[in-house]
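Scroll down for the structure; my scribbles are underneath it.
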Protein chains: 4
Amino acid sequence: MPRRRAPKTAPRREARQARSRATVEYLLAATAKVLVREGYDRASTNRIAEVAGVNIASLYQYFPSKEALVARVFERYLARLDDALTTCLARIAEAPLWPGLEALLRTFFSLHDDDPALHRALLVHVPQIDRVNPMLALRERMTGALTAYFVQRRGSLRSTDPALAAHLVVTCAEAIKQRAVLEDARLLHQERFVSEVLELVRRYVVARPVSAARARGRPATSGGSRASRRR
Amino acid sequence: MPRRRAPKTAPRREARQARSRATVEYLLAATAKVLVREGYDRASTNRIAEVAGVNIASLYQYFPSKEALVARVFERYLARLDDALTTCLARIAEAPLWPGLEALLRTFFSLHDDDPALHRALLVHVPQIDRVNPMLALRERMTGALTAYFVQRRGSLRSTDPALAAHLVVTCAEAIKQRAVLEDARLLHQERFVSEVLELVRRYVVARPVSAARARGRPATSGGSRASRRR
Amino acid sequence: MPRRRAPKTAPRREARQARSRATVEYLLAATAKVLVREGYDRASTNRIAEVAGVNIASLYQYFPSKEALVARVFERYLARLDDALTTCLARIAEAPLWPGLEALLRTFFSLHDDDPALHRALLVHVPQIDRVNPMLALRERMTGALTAYFVQRRGSLRSTDPALAAHLVVTCAEAIKQRAVLEDARLLHQERFVSEVLELVRRYVVARPVSAARARGRPATSGGSRASRRR
Amino acid sequence: MPRRRAPKTAPRREARQARSRATVEYLLAATAKVLVREGYDRASTNRIAEVAGVNIASLYQYFPSKEALVARVFERYLARLDDALTTCLARIAEAPLWPGLEALLRTFFSLHDDDPALHRALLVHVPQIDRVNPMLALRERMTGALTAYFVQRRGSLRSTDPALAAHLVVTCAEAIKQRAVLEDARLLHQERFVSEVLELVRRYVVARPVSAARARGRPATSGGSRASRRR
DNA sequence: AATGAATGAGAATTCATTCAT
DNA sequence: GATGAATGAATTCTCATTCAT
């Protein structure tokens, strides 16, 4: 089993024609499937090609390594989340501190269910420090955006260190969601759970905790439907 | 590479004699070393035996699989943390809600540096859902203990769901520490960082946020030295 | 077919017990056989292991690569020649220029027939510039020894550059033998052929070409049987 | 890697049109380049096509195999040498034994530097017994021509076996040049080196070694510029 | 005539694990 | 009880070559 010292992840040849694009799709679908059913370690390139019904050599024409395949699957999986968060960030650009942040968190928590099993597999099996790990990139982008968001609302922010606050909020929110996905994804649909998490964040972030009544006012722009459900 | 479907982890034979015990020590030390230097995937039993200077057949006399070796290393690595937390829990058995919890958290954050590289390797490479993962066990025990702790102090607890509160506190604390270990272990020594984290937890946990002055009173029993350093 | 960038040739583990030594022998024999029958390119490690009746993994326990196997076979094959030449060099240490050189050349030409097919395969298929090529080493040693031999007999040497003379003599002798092995190994047994070659060398090396009669006097110490056969 | 048992080398289709011819040129240039830079083994048809900027299927439209490509490159590389030797042979058709032979050898030694790296790659990596190896063909032609040349000058020839003499001369000359190309191509430009080699041949070939003065007379027709440099 | 795509076959190498002494 | 040796089963990755459009 000759292992590459530094697994390459750059795409090899781009699929242009319809047929090859289909091949790539089969491969990615098979990767997800194998990842879910057999785990990262057992997901060999041969197995993936077999499940995809694609020749192993074709696999290597489009992906230079197993890592590249998994990274691509991961990226795709995160793309929706990325889009949703980016959209939400735009929407709350003018919102006050808390309603905006609440909307962002609700968006984050609500978008988890494309394929929970795949989500689990990706979280658990993909080594987390990999520079390629697209979740790291997303996390960093989010931390940056949130820091900027906090800086612009310094007046309402309790902490004097917006970057640190953003770091902690992102870390906690991600961890809470991650554990829920791994252990019981339904939690993320339960308003009892979600609002408890929101409370945790709000009390940390917002400068002078407003009265509970005001705090529970509807979030700025998004997640409204969900927010109203609470009551 | 014939992979066992269900990796065994039970110890095979008690190493009672001195020589046997030495062999086991060599093996565990080698496992840690290889894990750190080459990562989980590259840590083969052959390699470990070689580094340990132990015959591969002897390795299998004491450990039924690679997983068993790694699990044992992990357990050992967590043993100190486990001890410290258990001790601390005993000490704060009678303490009020916050000082006790602060002491517990400080203990948790301060005990991270036996071998950061090993810590990193274990965190990153060992699949996290593994039933064998001793960190899951520790986490569950801690969540249970904290739930009990909260139940006993219901009056001071803000949340009406002690179990959920414990879950969130454990999840966040673990995630924050884990990220620090992976990215910059020195953070856990910086009072600015630690007290920000404590603030996050305190505001969530404690019923009526006491004034800052009272909140910063010294913790109940342990972590005192560190706490006193603050002022 | 993941190819090593720099093929390793250092031996891996030495075979100590009788059983493993036998395994190594089988492997080397199989390497020679496959080399002869199928050529260097077709001689895969899998094929060699199969022919040897040895598990492929065992092969890799003793040899880190195909190159290492071939190099070992080559070394062994050259060992006899090396020995014979070294012995002869000792014998002619005190001999005059020509008889000594003739003895050396006769030794060189006569020792070719352990396994002509293997010889052919080695000559043809093993890339010649490979630093590992043991023939290069032998050639260099011989050139050095011959240079020293010439220096000590400067008076009788026609050329004023012993190193260059040695270089040319070694080059030509090797090439002539090599071509004979490749095309018609019997030539090396025909005195007509051999003495023509000797004449070529003698006329180049010896200062004042002695008369043919004297030149054909018996060589100093070795190769005598063969030499006497001539007349 | 499905290897043909008997690699075909016949050209598949005449490249009559301009574009086709250009394609062929690109392919041959790429073959040479890859051969030099990566060696024979690594020179895959895919790689060659890629470097040539030619579709792999087009490659197979003009060359039936990798061997055919390499053989064609080899032929081209030898064509100049072949031409030069043929021309020289014509020129010395009426020359006396030695001056003619000297001219031929000087021509042979002087024509080596089109692309030493390619020369080296071809010498080292192309299996030498290959029936396709164009150097064998050239060598045979030269040996034949030289035999005829010797036969016509029997009177001046020392040996009584012109064919054997030609064989030895060709073998030695080729070997000397080959080693020079592999180890230090500049040697072939140094008159000290070349004239030593010439001396070796002259003493073997010419019946009654003429005096040094006469032997160094200018060669018959070609290589004169170089020869004149000597004095 | 050219090209994008596909592929069967196989090469090198390693792993986890068990035997026989 | 320790050790040298052995091994079945994978794994990654490439090659020469052919199709289908």
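Basis for what follows: all heavy atoms, side chains included, without hydrogens, waters or symmetry-related copies. Each chain gets a letter, A, B and so on, in the order the sequences are listed, and its residues count up from 1.
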Legend entry - C:Ser20 side chain, from C-beta outward: closest of E:dA16, F:dA5, F:dA16: F:dA5
Inset, instruction - Measure from the side-chain heavy atoms of C:Ser44 and tell me the nearest of F:dA5, E:dA11, E:dT7. - result: E:dA11
Inset, instruction - Measure from the side chain of C:Asn55, starting at C-beta and using heavy atoms only, and say which of E:dA11, F:dA6, F:dG8 lies closest. - result: F:dG8
Legend entry - Nearest-Å distance for atom pair CG/P, residues B:Asn46 and F:dA5: 14 Å
Inset, instruction - Rounded to the nearest angstrom, tell me the gap between atom OH in A:Tyr60 and atom P in E:dA11. - result: 17 Å
Legend entry - Distance (rounded to the nearest 0.5 Å) between D:Leu27 CG and D:Thr31 OG1: 6.0 Å
Legend entry - Nucleotide E:dA1, atom C1' - distance to CG of D:Leu59 in whole Å: 15 Å
Inset, instruction - Determine: side-chain N/O of D:Tyr62 to OP1/OP2 of E:dA2, distance under 4.0 Å, yes or no. - result: yes
Legend entry - Atom-to-atom span, CG of C:Leu27 to C1' of F:dT7 - whole angstrom: 13 Å
Inset, instruction - Measure the distance from CZ on B:Arg21 to P on F:dG1 and round it to the nearest whole Å. - result: 14 Å
Inset, instruction - Return the nearest nucleotide to the side chain of C:Ala57; candidates are E:dA16, F:dG8, F:dA16. - result: F:dG8
Inset, instruction - Tell me the partner of F:dA20, counting only Watson-Crick (N1-N3 plus N6-O4 or O6-N4) or G-U wobble (N1-O2 and O6-N3) with both under 3.5 Å; none if nothing fits. - result: E:dT3
Inset, instruction - Would you give the length of the straight line joining atom CG of D:Leu118 to atom CZ of D:Arg76, rounded to the nearest 0.5 angstrom? - result: 12.0 Å
Legend entry - From OH (D:Tyr60) to OG1 (D:Thr45), nearest 0.5 Å: 3.5 Å
Inset, instruction - Using a cut-off of strictly less than 4.0 Å, decide whether B:Ser58 has a side-chain nitrogen or oxygen near OP1 or OP2 of F:dA2. - result: no
Inset, instruction - Send over the distance from D:Arg47 CZ to F:dA16 P, rounded to a whole Å. - result: 12 Å
Legend entry - Side chain of C:Ile56 - closest among E:dT14, F:dA16, F:dT7: E:dT14
Inset, instruction - Using the closest heavy atom to pick a nucleotide of DNA chain F for each, name whichever of B:Gly53 or D:Thr45 lands nearer the 5' end. - result: B:Gly53
Inset, instruction - Report the distance from atom CG of D:Leu35 to atom OH of D:Tyr77, rounding to the nearest 0.5 Å. - result: 12.0 Å
Inset, instruction - Among F:dG1, E:dA16, E:dA6, find the nucleotide with the atom closest to the side chain of B:Gln61. - result: F:dG1
Legend entry - Between E:dA11 (C1') and C:Tyr40 (OH): distance, integer Å: 13 Å
Inset, instruction - Would you indicate which nucleotide in E:dG4, E:dA11, E:dT7 comes nearest to any side-chain atom of A:Arg19? - result: E:dG4
Legend entry - Interatomic distance, B:Ile48 CD1 vs E:dT14 P [rounded to whole Å]: 17 Å
Inset, instruction - Report which part of the nucleic acid A:Thr23 touches: base, sugar-phosphate, or nothing (heavy-atom distance under 4.0 Å, all strands). - result: sugar-phosphate
Inset, instruction - Report the distance from atom CG of B:Leu69 to atom CZ of B:Phe63, rounding to the nearest 0.5 Å. - result: 5.0 Å
